[in-house]
Structure formats: C-alpha cells, structure tokens
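Bear in mind that the values here come from a model prediction, so they are computed numbers and not experimental data. Each chain gets a letter, A, B and so on, in the order the sequences are listed, and its residues count up from 1.
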Amino acid sequence: MNIVEEVQSKLKDEIRAAVIKAGLAQEDELPNVVLEIPKDKTHGDYSTNMAMQLARVAKKAPRMIAEELINHFDKTKASIDKIEIAGPGFINFYMDNSYLTHLIPTILQAGENYGETTVGNQQRIQVEFVSANPTGDLHLGHARGAAVGDSLCNILAKAGYDVSREYYINDAGNQINNLALSVEARYFQALGLEKEMPEDGYHGEDIIGIGKKLAEEFGDKYVHVEETERFDTFRQYGLQYEMEKLKKDLEDFRVRFDVWYSETSLYHNGKIDTALQKLRDNGYIYEKDGATWFKSTELGDDKDRVLIKQDGSYTYLTPDIAYHKDKLERGFEKLINIWGADHHGYIPRMKAAIQALGYAKDALEVEIIQLVHLYKNGEKMKMSKRTGKAVTMRDLVDEVGLDGVRYFFAMRSADTHMDFDLDLAVSQSNENPVYYAQYAHARICSILRQGEEQNITISKEVDLAQITAEKEIEVLKKLGEFPLAVAEAAEKRMPHRITNYIFELASTFHSFYNAEKVLDVENMERTKARLALIKSVQITLNNALSLIGVSAPEKM
RNA sequence: GUCCCAGUAGCUCAGCAGGAUAGAGCAACAGUUUCCUAAACUGUAGGUCGGGGGUUCGAAUCCCUCCUGGGACGCCA
C-alpha cells in the first residue's frame, strides 16, 4: 500500500474507533467514512463530515457530536498534529507531515513503477477500441477513440487490472465489397480505362493509390481475367493494404493492440451458428416476414432486431453477437467497448444480446466517443469519408504534433462534444497545456544535469529532514496523490483525471522552482535533499505522461 | 416521437457516489530575471453554476419539469 493510502486508512480506522468508543453509534449503524482534502489549506490536510452524518443516528447537534468524537480520538495512532472542529461540524485534521518525506525513497526505488496500485485486483478486462472499417484513412473520431482507449488501457494496467487491447476488423459485409469495387474502378482509371465508381464507393486518396499500385505491379492483367477472380483478388489486396496502413498509423500514434480479431473468422469457424443456436435455445429467436428476429425488447431494447435478413444474409449485429460471446468465453470478466457516437443506439441491443446469452448486463460497458469538431480560421471543417476530403488522423498529427493531439484528446471526458481549434493548438502553442507539463520535466532534467556536472550525487542516505519549506511540502503531497489519481481514473474510466493531475503536479513544481533554489553549494545537505525531491517529481511526471502517450522531453 | 451528451467567469473547460467562501488556463490589468530554462512565477479583477419547482441541516452536484445547442435512432456497417 502506498504511504498516503496507509495514512488515510489509519485515519479512517481511528475515526471509526472513536465513534464506537464515544458511544455515538453501533458498529452496524456506522456510515461510510468520508475523508476529503479541503480546498482551503487553513482547513487542514484532511476533513471528515462524520459528525454531520451521525446527526440523525445520535440525535444530537453535529458540533456536539464532533466534540465527543475528538475526545475519544487516539491521535498517536494516525500521525496527527492537531484536530479542529469547524463550520457546521466538520472535523479537520492537521497532519504531522514528516511521514511525507518517506515518499522520496519510495519513489526513487519504484522508478517507472511508481503509481501502481492493486485496486484492479488483476481482474481480466478487455478493451475494444478504434475498430475502424478498413476502407479508408483514420479520421478525427478514430484519433480521439485511439487516444482515449489507449490511455484508459495504460491506466487500468497501472491500477492493477489485467488488460487486453483488441481491434475488431470489420472485414466481412458490404463495405468490403464496396472497397473491392472502388479499388477496381481506380485500377481501371489508372490504366486510362473508363470505369465508374460504385454508388457507395470510397473516394479517398488511398484507394486511388491502391489502383495505381496495382496498375504498376500487374499492368492490365486483371482487365482480362474473370470478374469474380478480379473481385476476390482486389478485395484481398485492398483489405491487406488498408490494414497495414491502419496498423502503421496507430503505431505512429503510440497505440498498440494485443489482438486483431477478424470478423470473417467468425463466419468460418462456426461461431455465428453456435451463437444463434444459443439464443434459440434460450428462447430469444423467432421467425417473421421471412427473416429471423432477436427478441431484444424482452431485455430492454426498444424494438426487436433482425439477425438473418430475408435474403439469408446476416445483419451486422449477428456476427457481432458471436464476437461478444467469444470475448466472454475467453474469460474476460469485464468488456469495455469504445464506440463512436453513431453507435450509441446500438448499446441496448448489444447489452440485450449479452443477457440473452446468459451473461450479466454489466459485463459490457460502453464508452461513447462524442464528435470532434475541427475549427480552422474560425470555420468548422467537415470530415466526411465520402467526399474524400476528410481530415485524417495523420493530417491532425502533422498539424498539431503527436504530443499535443494525445494530450488534448486525453484531457477531455470522452463522452462530451469537443471543439478542436487548430489555430489555437498550432499558432499559440504556449497555450497548449502539454508544454506546461513537458517544460516542468525539461527544467528538472536541466537541474539534474547541472547537479551531475558538479558531481553532486543523489543517494538514499539524504537527510530528508531538510525538506521543510512550504512549497516543498506541497510538492510532496502532490506526489503522494499520484497512485490515488491513477486508481480513481481507472475505476471511473476517466483518463482526463490524469491530465488534471499532470497539470497540478507541474504547477506545484513550477511554483516551488520559483520560490526555492535547488542547487546551492553553501548548503550541500539541502541541495541533495532537493535533488532527490525533484528527481521524484521527474519520475512521477514521466510516469503520468506515459499513461496518456505523451513524451517527456529532457530539453525544450 | 424516443434516447444520449452538453449549458458553470469574456473564451475553453475542471468540479458532479451532496459539504465550508464554486476552481484553473487563456484573454484583461499590475508586478517578478546580477540567481538552476520567463514555454515560468506572484497578485488584481471577473460568475444568479440555462430557468423554475422539489428532496434536507446543506444542492453546481440528487429528483421532476421546461428552455437552448449538438448527436443518435436501417432487414447499412
């Protein structure tokens, strides 16, 4: 357990014990102990509203309860310096902060592992994200999904979950046929021949490129083969090309996946039939109008859904149900899907399917990525795949820089609409909060370099009692919060808690930097202690930034 | 019509399993550099938390309702 967690938990134990000793409540009437860090520093290090919560049970005024409670409180057991009653009945604890200096050796020892907690309990959790159709370039929405998904995975892993990252490849269905036909048209055009794009074709630059490549590689060979052979070849070729590009783009975006799962494989290994059979056995299937239906309304959906169309083919939902069944059979206790906003209406039916298969509804969690609107020169930019004028993920990265894009997307709660102002992110780059955090890191590196040049080494033998300045204590407190921030971000699935933390840590550091000098030949002991302190900040900043896929530069 | 997201300072947003005087960045204003990176720091000013009800010791936070903006609702994927 982290030192800060330990202190908090001891404090909570003592509060509980004091309530019992004072006879204010029975063991089973005890409300949950709420500890908070007051916004106002003069209200102490921790505060509890226990006395107010007990008002009803004890039938007394909160301030009187607080009085009795602190009379029975054992201060010696929880590093407490002073206790005060304030306001309507808050009990404020002023801690003896000497325990905080133990944080420094802990962080130096843990290094890149600092921040890890065990709240996840090694629960097996799978996160499926991006899963864009392999029919064109990744656009803004995918970039946001990739950033949020990857950050969430990193955070979950750090918090002690056993995480698997997965990409579902939609390589079956009409869109792939359209891809093949689009490639075909571009191939003919590359050879100077007439061929119309299909109605729902893909007009992206990438498809034109595939057509050219095929023409260069094979000449007019495929003009003369049978249509089905050409179709199959181009389908395969287009798919492979698109997937490779997609993987490369994601890799460059610092996102990796453990599993790439092919939709087509579900058609070949009988898993769709098995899933359908399971639904049938559980009584959720019926036939109507020549189609096969899923009785999803029985499980909270607004209408029943078609699984097998009149023409005998599956809807998108059918293999997807088989896919989710397969995920659960692989032993994941929790599935998190990160979907685009356009899939929002799809959630109830998927949850219904999970239940119809005999699993708990909340085995599946869906995080919706809301739309990103891009503004340039004060104008909203469109991002339609169809027009071929899409703003791609690559365009965005080229324009803003990878660190900026990753930070900006991690910074906002995923399920809210977001305006991304390019002019702001680019032209006034000092407004970009990512620089603020990176600058703190670079500053620390610079001081450490100079310390080395002066042959001052950071040893674990430093006299940490040298850490007494107010700004230093602030920094220490903030460092101690990191594992708690990670745990909270993981449990609430909120990567933006980490960017908030990064900003706060950078801010307390900058403030310390301006108030106190680290390197001071007149006072070697303190210099060593402060070097150890800023080294701890460096480690923590680095760890926090890496959770959201942002680099920590040594120089700026 | 049903559902989702949002409405908090001039702008962009935190805060929302109820807690003390609602926070930050940018913009505005006033300062800080013989000293480790001024991409920084310190301070001032700025808000009826969309409106209205309710729940209670206490509401930006929970419930109801209305208004405004964005989005989703295929035998497409």
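Comparing B:rA60 with B:rG51, their P atoms sit 11 Å apart, to the nearest whole Å. Separation of the P atoms belonging to B:rA20 and B:rU12 is 27 Å when rounded to the nearest angstrom. Comparing the P positions of B:rU42 and B:rA27 gives an interatomic distance of 16 Å, to the nearest angstrom. Between the P atoms of B:rC26 and B:rA39, the separation comes to 13 Å (whole Å). Taking atom P on both B:rG54 and B:rU44, the two are 38 Å apart, rounded to the nearest angstrom. When the P atom is used for both B:rG53 and B:rG46, the distance is 27 Å, rounded to whole Å. B:rC36 and B:rU8: their P atoms are spaced 43 Å apart (whole Å). Going from the P atom of B:rA22 to that of B:rA45 covers 14 Å, rounded to whole Å.
Using a 4.0 Å heavy-atom distance criterion, A:D342 is classed as a sugar-phosphate-only contact. Residue-level contact check: A:H343 touches the bases, meaning some heavy atom is under 4.0 Å from a base atom. The residue A:A86 sits close to a base: some heavy atom pair falls under 4.0 Å. At the heavy-atom level, A:R497 lies under 4.0 Å from the strands shown only through sugar-phosphate atoms. At a threshold of 4.0 angstrom between heavy atoms, the contacts of A:M52 include nucleobase atoms, whether or not backbone atoms are also involved. Counting non-hydrogen atoms under 4.0 angstrom, A:N500 reaches the backbone sugars and phosphates but no base. Residue contacts for A:S313: at a heavy-atom cut-off of 4.0 Å it reaches no nucleic acid atom on any strand shown.
At a cut-off of 3.5 angstrom, the base of B:rA77 holds no donor-acceptor pair with the side chain of A:T315. With hydrogens and angles ignored, a donor-acceptor pair closer than 3.5 Å exists between the side chain of A:N92 and the base of B:rA20.
Closest contact between the side chain of A:Y436 and the listed nucleotides B:rG15, B:rG19, B:rC41 involves B:rC41. Which of B:rC36, B:rG70, B:rC75 sits closest to the side chain of A:I447 comes down to B:rC36. For A:K309, taking side-chain heavy atoms from C-beta onward, the closest of the listed nucleotides B:rA77, B:rA39, B:rA38 is B:rA77. Closest to the A:A341 side chain, of the nucleotides B:rG71, B:rC75, B:rA14, is B:rG71. Closest contact between the side chain of A:N514 and the listed nucleotides B:rC41, B:rG15, B:rC75 involves B:rC41. Candidate nucleotides B:rA39, B:rA14, B:rC41 were compared by shortest atom distance to the side chain of A:H496, and B:rA14 ranks first.
For A:Q8 and A:Y46, the side-chain atoms include at least one donor-acceptor pair closer than 3.5 Å. Defined by atom type and a distance below 3.5 Å, a donor-acceptor pair is present between the side-chain atoms of A:Y94 and A:E84.
Between the CD1 atom of A:I347 and the P atom of B:rA72 there is a distance of 14 Å, rounded to whole Å. To the nearest angstrom, C1' of B:rG71 lies 6 Å from CG of A:L371. One interatomic measurement links the two molecules: CD1 of A:I176 to C1' of B:rC76, which rounds to 14 Å at whole-angstrom precision. As rounded to whole Å, 13 Å separates atom C1' of B:rG74 from atom CG of A:D301. For the pair A:H510 NE2 and B:rC36 P, the computed distance is 16 Å after rounding to whole Å.
Close placement of the A:Y261 and A:Y323 rings is indicated, their centers lying within 6.0 Å of each other. In this structure, A:F409 has its ring center closer than 6.0 angstrom to the ring center of A:F420.
For B:rG1, the paired nucleotide is B:rC73, the pair qualifying as Watson-Crick or G-U wobble because both relevant distances are below 3.5 Å. Remark: B:rC29 base-pairs with B:rG43. Criterion, Watson-Crick or G-U wobble with two distances under 3.5 Å. Summarising the base pairing, B:rA6 is matched to B:rU68 through a Watson-Crick or G-U wobble pair whose two defining distances lie under 3.5 Å. Pair check for B:rU56 finds none; no Watson-Crick or G-U wobble contact set falls under 3.5 Å. When both distances must be under 3.5 Å, the Watson-Crick or G-U wobble mate of B:rU12 is B:rA24.
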* Asked: salt bridge (Lys or Arg N to Asp or Glu O under 4.0 Å) between A:K327 and A:E166: does it pass, once the steps are laid out?
  -> CA-CA 10 Å; A:K327 287 184 184 184; A:E166 189 152 321; 5.8 Å; no
* Stepwise side-chain contact (heavy atoms from CB on, under 4.5 Å) check, A:I321 with A:L307 -> CA-CA 10 Å; A:I321 290 173; A:L307 293 175; 3.8 Å; yes
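Ring geometry for A:F503 against A:Y436 counts as parallel: the plane angle stays under 30°, on a 0 to 90° scale with 60° as the upper cut. Classified by interplanar angle (parallel below 30°, tilted 30° to 60°, perpendicular above 60°), the ring pair A:Y286/A:W293 is parallel.
Regarding contacts with the backbone of B:rG74, a side-chain N or O of A:K303 is found under 4.0 angstrom from either OP1 or OP2. Side-chain nitrogen and oxygen atoms of A:Y314 include none within less than 4.0 Å of the OP1 or OP2 phosphate oxygen of B:rA77.
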* Contact state string [nucleotides 3-8 of chain B, B base, S sugar-phosphate only, - no protein heavy atom under 4.0 Å] -> BSBS--
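Applying the 5.5 angstrom centroid cut-off and the 30 degree plane-angle cut-off, the aromatic ring of A:F503 is not stacked upon the base of B:rA24.
For A:Q240, the CD atom is loosely surrounded, since the number of other residues' heavy atoms within 6.0 Å does not exceed 12.
By the side chain to side chain contact (heavy atoms under 4.5 Å, CB included) test, A:K492 is found to be paired with A:E488, A:M494, A:R497, residues two or more places apart in sequence or in another chain being considered.
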